[in-house]
Student: 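Attaching a single structure in structure tokens format; questions to follow.
Proteins get letters first, then strands, A, B, ... in listed order; numbering begins at 1 in each. Values in this document were obtained by computation on a predicted structure and should not be read as measured data.
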2 protein chains.
Amino acid sequence: MRPTHPPSRAETFPVNTPAAAQVFTTVLTQGPLARLEVARRVGLSPAAVTKAVRPLIEAGYLMEDVDEESRPALGRPANLVRVDGGRALFVGVKVTGDEVIGVLTDLCCRIRVARHVPLADRAPKAVLASIAELVHDLLAAADGLRAPVLGLGVAVSGDVDRGEGTVRYSPFLDWRDVPLAELATTITGLPVTVDNDVRALTVAEQWFGAGAGLSDFAVVTVGAGIGCGLVVHGRVVAGAHGVAGEIGHVTVDPGGPLCHCGNRGCVEAIAGEAAVVRQIQEATGVQLADAAQALAMAREGVPGAREVYARAGEAIGRGIATVANLLGPERVIISGEGLAAYDLFAEHIRAVFTAAAFGSAAQCDVQTRPLPFEEWARGAAATAIQSFVRADS
Amino acid sequence: MRPTHPPSRAETFPVNTPAAAQVFTTVLTQGPLARLEVARRVGLSPAAVTKAVRPLIEAGYLMEDVDEESRPALGRPANLVRVDGGRALFVGVKVTGDEVIGVLTDLCCRIRVARHVPLADRAPKAVLASIAELVHDLLAAADGLRAPVLGLGVAVSGDVDRGEGTVRYSPFLDWRDVPLAELATTITGLPVTVDNDVRALTVAEQWFGAGAGLSDFAVVTVGAGIGCGLVVHGRVVAGAHGVAGEIGHVTVDPGGPLCHCGNRGCVEAIAGEAAVVRQIQEATGVQLADAAQALAMAREGVPGAREVYARAGEAIGRGIATVANLLGPERVIISGEGLAAYDLFAEHIRAVFTAAAFGSAAQCDVQTRPLPFEEWARGAAATAIQSFVRADS
DNA sequence: AGGGTTCTTTTCCGTCGTCAATAAAAGAAC
DNA sequence: GTTCTTTTATTGACGACGGAAAAGAACCCT
């Protein structure tokens, strides 16, 4: 049940306690902080923070840093503690249907290098080859940075068991029970963490994005599919069977269009990329090559096209309202390539959401964040950092 | 942020550590256990369990108990540890629209006495008077049991802040910002815990019911309203704004009947008690006095009546599928007075659920549990026990 | 230079949990 | 009936972690 599939012998985090992990993560995500401030946020005594920080500084993971800027008018200025990004590197990889996106990040999870590799074939072998190529490239780039690469995170859509490091079922890739972590470890020699792609993005948002500091929020991704990452009680929800956040297959209209899952009126069957293209083709009678064309038509004001986007927005709004009603998150973050059409969605999402959110669930803050695929890969790197830092025997 | 609103000075749990609370809860919920077995389940060493158990035995909360039955063929027989139910008592109260149900439980949360008091008026004053009467009765009954009453749990529908002990908004009772814990403490002199009623029932199910041992499950209650309690990561979900589990206001048919929340086609607007009665009246033209009459008509086979129940079942099934798709619980427990009509629902719930559940979310085990209102009150008592045991400064 | 303020560290101590050894309570074997 | 085996429970030594309090450090201001 180790979240990382480890190679022979690798550099490990110097302290193996929950407190150390929490201190490190707090410093990582909440920027340079005075020890006293860390103590307040983590709920430890200042002394405990001093003691937790010392070995991490000695190991080079944290560093001190006086901040000339915000010197207080009174009292001793704080010795800020920050993560030394240059101390270590991680690789994050996101697999999509037609390419593999990889980023090399530092220990602060800042992207240093990003690479894309096209994917001809979705079979595990081909994907692994692309991952290998990507990682090889990134490791080469890492050579110049004089820091060890300590982990690889891989994000794949579908039912992923992070603990086992296996992809149980990915409809998109047509994979079943692929021991991806093990395979990637033998190829790359790195400790590998495998997780679902939306959950990986959710971790990135939790650490560095609009979910920072929130214990309950949701990330809704609009694109080829409609996905959702949930954070409840401060932890990403994985579900008992590995599946969770399937907002794309929430029914919003039982009489709606047929979905590939076999049901009618799923959010994805109305607002997924393929569904939008298809519906606009049907409405206009024009054959479209891709989503960009569909978007262009709607922007031009072709009759029927705008309405398709409006209905898509309503479906998404209803899906978000459902999440809000069931979980009462503090915030919902909408992201994904589909945001390119956000101007066509926005008002409909909002209108349906405010109408359908029950009681104080409507207080939920809905915001959009256009995030490129690199950000998903960064999330994968974040899961690798998580595994590296996490204290679990 | 204390979960219990305490009176002047009361008996407290002897040890204030997470480990002790966990050991006690494990023994409470998983029956008499050998220390070694407790150690295995809690993840502590046997020695730690011995040390945690001792003060609890000295304080009388736990007791030893040799089990002649399951003596092993080999080795030293285990000294089972169990909670001494007779050591302390708790009162649990559930407020409904027309009555207040109270139970007196022992420390094992077994119901010793149950009482109902009718409720003429839903104003806080009247409800508090009923609670006072009920508690007075139960305390009188407790006198004969020679054990102190250590807490009162109150379960109310609506938006309840357990930490503050206040009812922020209860549409059903038409309450706003009632500091119920404080009020009840001054009246009864007991430490009071206030929580949402469905969440209280969910705690009871988590401890003693079909949710025992599960870290992710849901309780769906069918009755006057349709509610839902969620357990994620082993904890009951309260939501950032106090509202969560509003499955009753998940939309299943945007063109459906109008709901009191202002939307169309909510689960509650189709499958709530009032909605079913109304729909059957409309379908048959017969005026009905209550849900029992509606049920009788459907059982007699009056045309149109059965169909209303069928549609209700479908709505519930879709709601459950939505929960399963979003959270991937291991189990969904259906309960509530509405189960009286379960024979008319069952197949439709199941059919829609299996069709609409996505991927391995369909592995979720859906079961029904007819639980009387006393069980809800017992849940309230369970929250009181939780507050009593919980280690939080 | 001295006082005020705030951050950091030190020292000491208590608590809690593990480890390893020991005790205890059986039945089985001879 | 003694001894062995097996399993459970307890003990005591030890170490790690975190808190409290006090001292130290760094700065500003007067």
Side-chain angles (χ1 to χ4, degrees), chain A residues 13-24 26-27 30-59 62-82 389-393, chain B residues 13-24 26-27 30-59 62-82 389-393:
Chain A
F13 204 60
V15 211
N16 199 25
T17 108
Q22 218 187 337
V23 166
F24 182 87
T26 304
V27 173
Q30 309 185 30
L33 286 177
R35 288 172 176 77
L36 200 62
E37 188 54 33
V38 174
R40 271 193 285 266
R41 302 198 186 182
V42 175
L44 287 174
S45 70
V49 173
T50 294
K51 286 182 239 179
V53 161
R54 191 177 358 245
L56 296 179
I57 288 184
E58 275 165 13
L62 295 181
M63 56 193 291
E64 277 202 298
D65 171 15
V66 237
D67 177 13
E68 295 301 326
E69 299 286 316
S70 64
R71 181 160 292 186
L74 223 55
R76 172 179 175 174
N79 287 349
L80 300 187
V81 178
R82 65 162 81 246
V389 169
R390 173 130 50 216
D392 49 5
S393 59
Chain B
F13 204 59
V15 211
N16 197 25
T17 109
Q22 218 186 338
V23 165
F24 182 86
T26 303
V27 172
Q30 310 186 28
L33 285 176
R35 288 171 175 78
L36 203 61
E37 188 55 32
V38 175
R40 271 193 285 267
R41 302 199 187 182
V42 176
L44 288 174
S45 69
V49 173
T50 293
K51 287 178 217 173
V53 161
R54 186 168 14 236
L56 296 179
I57 287 185
E58 275 164 13
L62 295 181
M63 56 192 292
E64 278 200 298
D65 171 17
V66 236
D67 176 14
E68 294 302 327
E69 300 286 315
S70 64
R71 180 159 293 184
L74 223 55
R76 171 178 176 176
N79 287 349
L80 300 187
V81 178
R82 67 161 81 248
V389 170
R390 173 132 44 221
D392 48 7
S393 57

Student: Check the distance between D:dA9's P and B:L80's CG and give it to me in whole angstrom.
Tutor: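 Distance check: B:L80 CG to D:dA9 P gives 8 Å.
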Student: Could you give the CG-to-C1' distance, from A:N79 to C:dT6, as a whole number of Å?
Tutor: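 So the two atoms are 12 Å apart, to the nearest Å.
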Student: Side chain of B:L74, heavy atoms from C-beta onward: which of C:dT11, D:dT6, D:dT8 has the nearest atom to it?
Tutor: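 The answer is D:dT6, which lies nearest to the side chain.
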Student: Which of these nucleotides, D:dA9, D:dA13, C:dA26, is closest to any side-chain atom of B:P77?
Tutor: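 The closest nucleotide is C:dA26.
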Student: Between P on C:dC16 and CD on B:Q22, what's the gap in Å once rounded to a whole number?
Tutor: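 Rounded to whole Å, this separation is 15 Å.
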Student: Under 4.0 Å between a side-chain N or O of B:R35 and OP1 or OP2 of C:dA24?
Tutor: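 For C:dA24, OP1/OP2 do not have a side-chain N/O of B:R35 under 4.0 Å.
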Student: Take atom CG of B:L44 and atom P of C:dC16, then tell me their distance rounded to the nearest Å.
Tutor: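 Going from B:L44 (CG) to C:dC16 (P), I get 12 Å.
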Student: NA contact type, B:L36, heavy-atom cut-off 4.0 Å: base, sugar-phosphate, or nothing?
Tutor: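 Contact class for B:L36: sugar-phosphate only.
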Student: With a 4.0 Å limit, can you tell me whether A:R76 has a side-chain N or O closer than that to the phosphate oxygens OP1/OP2 of D:dA23?
Tutor: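 Checking A:R76 against D:dA23: no side-chain N or O falls below 4.0 Å of OP1 or OP2.
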Student: Just how far, in rounded Å, is C1' of D:dT10 from CD1 of B:I57?
Tutor: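 Answer to the nearest Å: 12 Å.
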Student: Starting from the C-alpha separation in whole Å, work towards a yes-or-no answer on side chain to side chain contact (heavy atoms under 4.5 Å, CB included) for B:I57 and B:E64.
Tutor: CA-CA 8 Å; B:I57 287 185; B:E64 278 200 298; 3.9 Å; yes
Student: How many Å lie between CG on B:L62 and C1' on D:dA9, as a whole number?
Tutor: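 One finds 16 Å between C1' of D:dA9 and CG of B:L62, rounded.
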Student: Work out which heavy atom in A:V15 is nearest to a heavy atom in A:A20; give both atom names and the distance.
Tutor: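 Distance-wise, the nearest heavy atoms are CB-CB, 3.7 Å.
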Student: Using a cut-off of 4.0 Å on non-hydrogen atoms, how would the nucleic acid contact of A:A19 be classed: base, sugar-phosphate, or nothing?
Tutor: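 The answer is sugar-phosphate, as A:A19 gets under 4.0 Å only of primed atoms, P, OP1 or OP2.
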Student: Using Watson-Crick or G-U wobble geometry with both distances below 3.5 Å, tell me the partner of C:dC30, or none.
Tutor: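 Its partner is D:dG1 (Watson-Crick or G-U wobble, both distances under 3.5 Å).
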Student: For D:dA9, take OP1 and OP2 only and decide whether either is under 4.0 Å from a side-chain N or O of B:T50.
Tutor: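 Checking D:dA9 against B:T50, no side-chain N or O comes under 4.0 Å of OP1 or OP2.
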Student: Could you tell me whether A:A47 contacts a base, only the sugar-phosphate backbone, or nothing, with contacts defined as non-hydrogen atoms closer than 4.0 Å?
Tutor: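 Base contact.
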Student: Tell me the interatomic distance from A:R54, atom CZ, to C:dT9, atom C1', rounded to whole angstroms.
Tutor: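 The answer, rounded to whole Å, is 7 Å.
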Student: Using a cut-off of 4.0 Å on non-hydrogen atoms, how would the nucleic acid contact of A:A34 be classed: base, sugar-phosphate, or nothing?
Tutor: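 Sugar-phosphate only.
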Student: With heavy-atom distances below 4.5 Å as the criterion, would you say the side chains of B:L33 and B:T26 are in contact?
Tutor: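 With C-beta onward as the side chain, the pair touches.
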Student: Is B:L62 close to B:V53 at the side-chain level, that is, under 4.5 Å between some pair of heavy atoms?
Tutor: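 Contact flag for B:V53/B:L62 side chains = yes.
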Student: Ignoring hydrogens and angles, answer whether the base of D:dT11 and the side-chain atoms of B:K51 contain a donor-acceptor pair closer than 3.5 Å.
Tutor: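 By the distance-only test, no, there is no pair.
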Student: Report yes if some heavy atom in the side chain of B:V23 is under 4.5 Å from a heavy atom in the side chain of B:L44; otherwise report no.
Tutor: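 Yes. Closest side-chain heavy atoms under 4.5 Å.
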Student: Return the nucleotide paired to D:dA9: Watson-Crick means purine N1 to pyrimidine N3 with N6-O4 or O6-N4, wobble means G-U with N1-O2 and O6-N3, both under 3.5 Å.
Tutor: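 Check on D:dA9: paired to C:dT22, both distances under 3.5 Å.
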Student: Measure CD/B:E64 against C1'/D:dT8 and give the value in whole Å, please.
Tutor: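 Those two atoms, CD and C1', are 11 Å apart.
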